[in-house]
Amino acid sequence: MKALAAIFARELRLAARAKAEWLMPPLFFVIVVTVFSFGTRPNDPQLAAFAPAVLWVGALLAALLSLERLYRTDQEDGTLEQLLVSRTALSFAVFVKGLAHWLLSGLPIVLLAAPLGLMLGLAPPHLGPLVLGLALGTPCLSFIGGFVAALTVGLPRGGALLPVLVLPLIVPVVIFGAGSVRAAQQGLDAGAPLYFLAAILTLTLTLLPWLAAAALRNAFE
Amino acid sequence: MSPEFWKMGGYALYVWGSFGIAAGIYLWNLIAPRLRRRAILETLLDDE
Amino acid sequence: MPLLSADQLTIQRGDRALLRDFDLRLAAGELLHLRGANGIGKTSLLETLAGLRRPAAGQCRLADEAAGLHWLGHRNGLNLQLSAIDNLRFWCGINGASPAGIDAALAGVELPARARRRACRSLSAGQKRRSALARLLLQPRPVWLLDEPLDGLDAGGLALFAALTQAHLAQGGAVLMTSHQTLPAPLAARELIL
Amino acid sequence: MNWTWFHRLGSPPSFYRFAGRLAPWLGGLGLLLLAYGWYAGLVLAPPDYQQKDAFRIIYVHVPAAAVSLSLYVLMALAGAVALIWRMKLAEAVMVATAPVGASFTALALVTGMLWGKPMWGAYWVWDARLTAELVLLFLYCGVIGLNAAFDDARAGARACALLAIVGLVNVPIVHFSVEWWNSLHQGSTILKFGKPAISADMAWPLYAGLLATYCLCGHAILRRAQNELLLRERNTRWVRELATELGGGARVS
């Protein structure tokens with residue numbers, strides 16, 4: 001357990017040291033959403049209909065930004081090989097790193113979603129499913145993205161491959177996430193898709209760290 | 001074949017298009033391994 | 001009972017067999033110097049012994065699995081954004097050692113106090129190598145596997161390395177190392193040519 | 001149940017010879033069945049009372065769609081075997097299956113679109129099956145792309161195995177989420193495309209086409225697996241002998 005606390009503390013210290021690294025994704029999220037509004041007529045009523053899609057794709061792109069460096073620096077400076085030698089449970093280490101990544105890049109997006117939703121013309125009652133959906137969805141982005149980052153950690157051109165590999169795995173998350181807001185907009189029950197999203201989240205949290213650990217070990221051989 | 005047959009009830013483009021592309025893909029799956037095999041054998045012989 | 005033993009190891013890179021049916025015994029108090037041309041497979045052998053790489057055949061065993069081993073590769077295992085102290089505190093957390101020994105370890109490798117607090121990216125190669133060597137002192141482990149540990153060390157560093165190694169051997173530890181330089185004076189090593 | 005045949009088959013040289021003997025038969029049988037299937041489908045089968053002759057696209061679309069999914073399952077299973085037992089043969093089969101599966105997924109998509117135009121009036125309708133097929137194509141491209149990015153074939157195969165397994169878990173989730181997403185879409189398609197009532201003489205060409213496609217996929221996978229084995233075992237004696245014996249003339253053995 002102390003080992004996991006050590007990893008977590010290090011991630012936070014690293015973030016504190018290199019502030020730009022984790023301030024960039026939320027900033028990017030805001031910019032993407034704002035640029036979308038420039039794409040349509042000023043206060044276009046249509047924008048509210050597209051708000052869920054815009055916000056969710058923005059969250060996905062913001063998460064992808066910081067995923068590439070998740071394991072690359074550790075691999076390059078030798079920390080990864082020391083972790084492998086130290087026999088700490090790698091899957092727990094991966095879980096903690098995923099959690100740290102979510103805290104630093106996923107959580108700010110969840111907090112920013114409500115104001116941005118209003119900016120896009122979302123009606124206040126629809127903000128609930130939006131924020132709850134993102135709260136359940138962004139950890140999936142971090143862990144599924146983390147798994148793919150572990151798969152491509154050793155590759156020189158891995159960076160370009162990461163989004164392509166993440167996309168198909170993320171489709172259900174985006175469908176249920178954006179879908180719950182759209183269901184709310186159509187007066188349907190927004191709860192059902194959120195339950196599916198929660199199911200995907202539990203599957204992701206339990207299955208992927210173990211597979212990501214295997215991927216990290218494999219990337220080293 | 002009667003000219004009527006080729007028109008496929010007005011859907012000639014779609015039916016013959018589908019079968020044409022399908023033939024292409026089946027052929028590719030038959031030929032591509034052979035070409036790759038020849039390329040591999042050449043690299044193996046160069047290594048000799 | 002050898003501290004580390006390997007039987008019929010076969011190590012492959014891609015589909016090329018680097019080593020075939022390789023046996024090794026590392027006894028307590030022994031310093032083994034692995035020599036061989038570049039690309040012969042020295043690093044791969046060390047990585048396999050350290051458990052980082054799975055051998056194609058054969059297996060290696062540690063006398064005391066619980067104690068584990070120290071591995072020092074070409075890469076120092078230091079995050080360049082953090083200071084030497086932060087890095088070592090992290091490794092104490094991972095290995096379950098008490099952080100109290102950090103200053104003593106850094107003093108042991110003669111890293112100036114000011115340098116201990118600066119981010120590692122601003123340290124010289126030799127200072128980074130010394131900080132990496134300090135990690136070995138944090139927690140006593142019988143077997144040391146060192147890949148080119150002398151890289152970047154100046155004369156003082158070499159003497160320091162000799163002293164640390166002799167102290168470790170005196171306490172019944174064992175060291176298996178590779179180096180293209182000749183070992184510093186007092187060290188007497190059994191040579192093993194690959 | 002002695003496992004010797006499994007281990008014997010597992011050794012690359014014997015699998016290579018086994019594939020060399022089986023592949024031509026599969027290829028020949030496949031082509032014959034395909035010829036019958038397409039001929040019967042295009043000429044013998046009566047036009048559908050609703051869709052007239054456009055329904056004949058079923059004879060290429062359905063086999064491709066069926067094969068696209070089963071090859072993904074085969075690829076993921078081969079990947080799992082490669083991961084657990086570190087069998088070179090399983091890695092070769094997995095890497096061999098990816099491009100074949102991807103090509104038939106693409107075929108299923110294109111024929112689906114060509115079928116959609118006359119039936120639904122638009123090339124691309126976000127129909128649940130077509131969308132799931134599209135995501136499946138992305139999964140295939142991901143595996144092929146990942147394998148191409150690795151220099152070391154064995155590490156690459158294991159990474160692809162992991163991705164294929166996660167992808168396999170993802171396929172049913174995608175199918176379900178796309179179904180749900182489609183149901184949420186109020187105005188559903190103009191003509192909900194149901195399974196046409198197939199009379200016997202319409203069905204035979206379909207079964208023939210299906211079997212033909214499986215045989216031809218088997219042929220392509222065995223041939224590609226041979227290629228992968230040649231690459232992975234290029235430093236072994238049996239491959240050197242084979243290469244010199246063939247003298248690079250690529251006479252198919």
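Chain identifiers are assigned alphabetically (A, B, ...) following the order of the sequence lines, protein sequences preceding nucleic acid strands; residue numbering begins at 1 within each chain. Computation of the quantities below employed the complete heavy-atom set of this structure, encompassing side-chain atoms and omitting hydrogens, waters and symmetry-equivalent molecules.
- The aromatic rings of B/W16 and B/W6 are tilted relative to each other, their planes meeting at an angle between 30° and 60°.
- When D/L42, D/I221, D/V100, D/L31 are compared by the number of non-hydrogen pairs under 4.5 Å with chain B, D/L42 comes out ahead.
- The side-chain hydrogen bond (donor to acceptor under 3.5 Å, both in side chains) pairs that include a residue from residues 26-37 of chain D number zero, where partners must be two or more places apart or lie in different chains.
- Contact annotation for B/I40: only side-chain heavy atoms (C-beta onward) come within less than 4.5 Å of a heavy atom of chain D.
- In this structure, the salt bridge (charged side-chain N to carboxylate O under 4.0 Å, His left out) partners of D/R56, at least two apart in sequence or on a different chain, are D/D53.
- For chain B, the nearby parts of D/P118 are the backbone and the side chain; heavy atoms of each come within less than 4.5 Å.
- For chain B, the nearby parts of D/L107 are the backbone and the side chain; heavy atoms of each come within less than 4.5 Å.
- Taking chain B as the reference chain and counting heavy-atom pairs below 4.5 Å, the highest number among D/A54, D/A212, D/A220 is found for D/A54.
- Each of D/R224, D/H219, D/M113 has some count of heavy-atom pairs under 4.5 Å with chain B, and the biggest count is that of D/R224.
- Between D/F15 and D/F18, the ring-plane angle classifies as tilted under the 30° and 60° cut-offs.
- For B/Y14 and D/W115, the ring centers are positioned 6.0 Å apart or more.
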